[in-house]
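As structure tokens, the structure follows; a few thoughts come after it.
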Amino acid sequence: MRLRNTLLASFILLFSSLWAHGQSRDSLPFLNKTAPAVRNKHFLPEAIQVEVTPRGLKYFETNLEGLLGVLGYNIRQGQIPELNWQSERSYRIDDIQLPAAQRELLTTISNLLNKWLIGFSFKEFRPSVQIGQLNYVAHFNRFAMVADPQLLRKLGYKTGAIMAIEMELSDLTASAESVRASDQNNQFLGAVGADQVSVTVGSKERPIKLRLPFYINVNSTGVLSFKAIDLENNFDQIDLDVKYRQLVVPEIAIEINGHRFEMSKKQLETEAADQLPELLVQVRGFLKQFASKQLPALLNQKALEILGEPIEEITLMKPVGSVAELPPHLQQIWGMRTSKIDLNRSLAIKLDAFVEDPLLPNSKPDPKAMARKSGWYSSMPPDQYDLSIAIDRGLMNRMTQLSFERQLFQNMPISAKDPQGPKMDLMLSPDFDYIPQPVGAPAGNNVTYAKVHTRVNIHKGYLKGLAEKLALVEPFEVEMDIVSQIRKTDQGEIRLYYYDVVDSSIVIDDKYLDFLGKIAPGTVRKKAAAGIKAMFLERRNNKDQLCEGALPIPSELGGIPLNIRKLGFDPSGRLTVYMTFAAPQK
């Protein structure tokens with residue numbers, strides 16, 4: 001059985017939202033761009049369920065920066081390529097948030113110039129800004145991601161989740177070789193700006209505080225929705241300091257009867273320095289307004305561009321029971337998509353999944369093989385684990401069903417010690433289900449049990465003595481419940497082993513009873529059952545696996561190592577793996 005490390009792709013997507021708005025679709029790791037095509041997808045509802053407990057969510061309050069570091073993001077310093085921004089609309093002087101006296105003065109000057117200078121026309125302005133490569137250094141006091149179920153309910157959402165990025169920076173310094181601004185509607189004015197500009201925002205006394213909540217959900221077709229909510233900030237209260245080497249301004253001169261009088265750049269710099277405190281007040285107000293409203297709108301627009309299609313994880317898998325390596329066109333295909341997201345005390349993510357075989361395009365899953373209820377079942381207190389993954393028995397049964405239909409469970413050795421000896425075939429697709437822990441079986445957090453119902457055809461050659469051959473007709477069939485032990489190994493893998501057979505489940509039809517069998521059917525059945533049980537006990541002693549290979553439950557989540565704390569196969573029909581987060585690997 002295959003469960004790739006990408007099992008948690010949708011969960012990773014939640015915590016990728018912080019930087020996803022800056023990525024192109026081709027660069028998003030959770031989109032499988034080379035996934036094989038699948039003609040028919042028989043989705044099993046909620047086949048995989050992921051829960052992040054309050055304890056697990058708390059992890060992202062203190063370890064988010066380290067996690068981003070593992071993913072290659074250094075939030076404390078970095079570079080941003082050249083930025084170019086151009087307003088989509090034009091503005092009037094009245095649109096600028098300036099004191100009334102300054103706004104009146106600018107309006108008067110504009111009117112006088114338009115009136116007295118022939119050919120001069122000053123239109124509404126449409127700003128454009130160019131910033132050279134930007135280098136920044138930030139000092140964080142806090143960088144966290146938190147869940148906010150209260151805001152979710154306050155805003156009236158019934159499903160989905162609201163997460164929030166919370167930051168506190170003692171200061172942030174950004175520097176650029178050049179900053180230029182121009183007016184696209186009045187290009188004769190040229191460019192204004194400065195060279196070797198340095199801007200420091202915040203201070204130890206008045207740190208920057210930001211909180212960006214965002215809502216995330218998925219619709220009925222598997223399309224993920226992302227909505228950034230108003231960004232809370234204190235930009236209007238923080239310290240803001242600007243330094244530059246020199247100003248760059250247009251050349252302004254007045255000529256009277258051949259006499260040219262140029263504007264004094266020195267005086268302009270003096271005026272700029274005098275006006276800078278007032279200008280910075282205006283800048284802080286603009287930053288607050290932009291961050292609160294316009295920035296979330298930009299993020300939401302970017303999310304619409306990226307998240308316009310259902311997000312599915314599709315991959316090839318080696319069929320259960322296949323010994324030989326197979327070329328891609330002979331492998332089976334499995335995939336999943338997020339179907340539901342909920343946030344209460346825990347974050348719950350449910351995924352629909354499918355398994356298909358290109359050689360069996362008309363095969364449909366058996367609805368009776370699914371879990372019997374959709375409620376969440378947990379056998380471990382939530383304060384003792386961070387993350388759990390519950391795998392519906394229907395997904396396991398679908399994998400074995402396709403292998404059964406491909407006839408991969410044929411001519412299997414009865415005895416693992418004698419691969420050339422008598423053989424057996426499965427006549428009924430194996431059906432995984434819950435079973436209480438067998439009496440006397442090893443217990444503990446690292447082991448759980450499941451029963452596998454099937455019917456086995458025993459080939460000729462199994463019966464040895466004359467009495468056995470007179471009692472049963474070869475070949476004969478036995479229906480039974482095999483007990484499988486699901487165990488975490490010393491290497492941290494999860495494997496399925498033979499453990500036992502349920503004595504009372506062994507059934508041999510009357511048509512397989514021969515002369516002696518019809519005389520004493522009870523005795524014959526009892527002796528045959530003892531032989532079947534001995535066969536499985538031999539496999540247990542030989543440490544034979546029920547299914548070859550390990551269940552590759554994720555060993556990490558986006559750089560976070562996962563430690564398995566407990567296994568459980570619950571009465572609803574799910575195999576649940578409980579895990580804790582470790583410190584991000586560097």
Side-chain angles (χ1 to χ4, degrees), residues 3 7-15 46-64 66-67 144-154 157-164 166 213 215-218 338-351 371-393 434 436-437 443-449 486 488 492 494 551 553-584:
L3 296 175
L7 178 67
L8 297 178
S10 295
F11 176 62
I12 296 171
L13 176 59
L14 286 176
F15 300 107
E46 301 179 6
I48 302 171
Q49 299 188 38
V50 179
E51 177 205 24
V52 188
T53 65
R55 166 182 159 152
L57 291 170
K58 194 78 175 176
Y59 177 92
F60 293 92
E61 290 190 40
T62 55
N63 291 282
L64 184 59
L67 174 58
M145 179 146 53
V146 300
D148 196 337
Q150 291 78 20
L151 181 57
L152 183 75
R153 307 306 171 209
K154 180 180 178 181
Y157 292 115
K158 303 300 182 182
T159 60
I162 286 184
M163 312 297 292
E166 295 183 349
Y215 173 72
I216 192 164
N217 202 2
V218 64
T338 307
S339 60
K340 192 172 183 181
I341 300 172
D342 279 314
L343 176 64
N344 291 299
R345 293 188 68 247
S346 297
L347 176 64
I349 303 170
K350 298 181 180 181
L351 303 104
R372 283 166 296 283
K373 62 181 181 180
S374 59
W376 189 265
Y377 183 96
S378 178
S379 63
M380 193 173 192
D383 60 351
Q384 296 182 18
Y385 68 98
D386 298 321
L387 174 77
S388 68
I389 302 174
I391 304 167
D392 194 302
R393 62 186 279 261
Y434 168 78
Q437 180 179 311
N445 288 340
N446 293 335
V447 63
T448 189
Y449 297 86
I486 306 172
K488 183 182 113 175
I494 299 177
L551 288 176
I553 298 297
S555 59
E556 66 166 27
L557 170 64
I560 309 173
L562 300 175
N563 299 321
I564 297 173
R565 289 291 309 279
K566 185 178 180 181
L567 304 176
F569 203 110
D570 64 62
S572 71
R574 296 186 183 92
L575 170 63
T576 305
V577 184
Y578 303 88
M579 293 175 281
T580 56
F581 297 143

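Here Arg345 pairs with nothing under the side chain to side chain donor-acceptor pair (under 3.5 Å) rule; sequence neighbours left out. For Tyr434, there are no ring-ring contact (aromatic ring centres under 6.0 Å, His included) partners at least two apart in sequence or on another chain.
Counting only N and O atoms by type, the side chains of Ser379 and Asp570 include no donor and acceptor under 3.5 Å apart. With 3.5 Å as the limit, one finds no donor-acceptor pair spanning the side chains of Thr576 and Arg574.
What you find for Asn446 and Arg565 is that their closest heavy atoms are OD1-O, 4.4 Å. Listed here is the closest heavy atom pair of Leu57 and Val52: N-CG1, 3.7 Å. The two residues Lys158 and Asp342 come nearest to each other via the heavy atoms O-OD1, 4.1 Å. Leu152 and Gly160 get closest at one heavy-atom pair: CD2-O, 3.5 Å. Closest of all the heavy-atom pairs between Leu151 and Pro213 is CD2-CB, 3.8 Å.
Without hydrogens or angle criteria, Lys488 side chain to Ile564 main chain gives a donor-acceptor distance under 3.5 Å. At least one donor-acceptor pair under 3.5 Å links the side chain of Thr53 to the backbone N or O of Tyr385. Arg55 places a side-chain N or O within donor-acceptor distance of the main-chain N or O of Asp383, the cut-off being under 3.5 Å. Judged by distance alone, with hydrogens and angles left aside, the side-chain atoms of Asp392 form a donor-acceptor pair with the main-chain N or O of Ala371 at under 3.5 Å. Ser339 contributes a side-chain N or O that, together with a main-chain N or O of Lys350, makes up a donor-acceptor pair within less than 3.5 Å.
Taking 4.5 Å as the limit, every side-chain heavy atom of Arg153 sits out of range of all side-chain heavy atoms of Ile162. Residues Arg393 and Phe569 have side chains in contact (heavy-atom distance under 4.5 Å, counting atoms from C-beta outward). Taking 4.5 Å as the limit, some side-chain heavy atom of Ile341 sits within range of a side-chain heavy atom of Leu347.
Residue Lys340 holds its NZ atom at 13.0 Å from CD1 of Ile349, rounded to the nearest 0.5 Å. To the nearest 0.5 Å, atom CG of residue Leu562 and atom CD1 of residue Ile389 are 7.0 Å apart.
Under the 30°/60° scheme for interplanar angles, the aromatic rings of Tyr215 and Tyr157 are found to lie parallel.
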Test side chain to side chain contact (heavy atoms under 4.5 Å, CB included) on Phe581 and Asn63 and set out the steps. CA-CA 10 Å; Phe581 297 143; Asn63 291 282; over 6 Å; no
As a quick check of understanding, evaluate side chain to side chain contact (heavy atoms under 4.5 Å, CB included) for Val447 and Gln437, giving each step before the final call. CA-CA 10 Å; Val447 63; Gln437 180 179 311; 6.0 Å; no
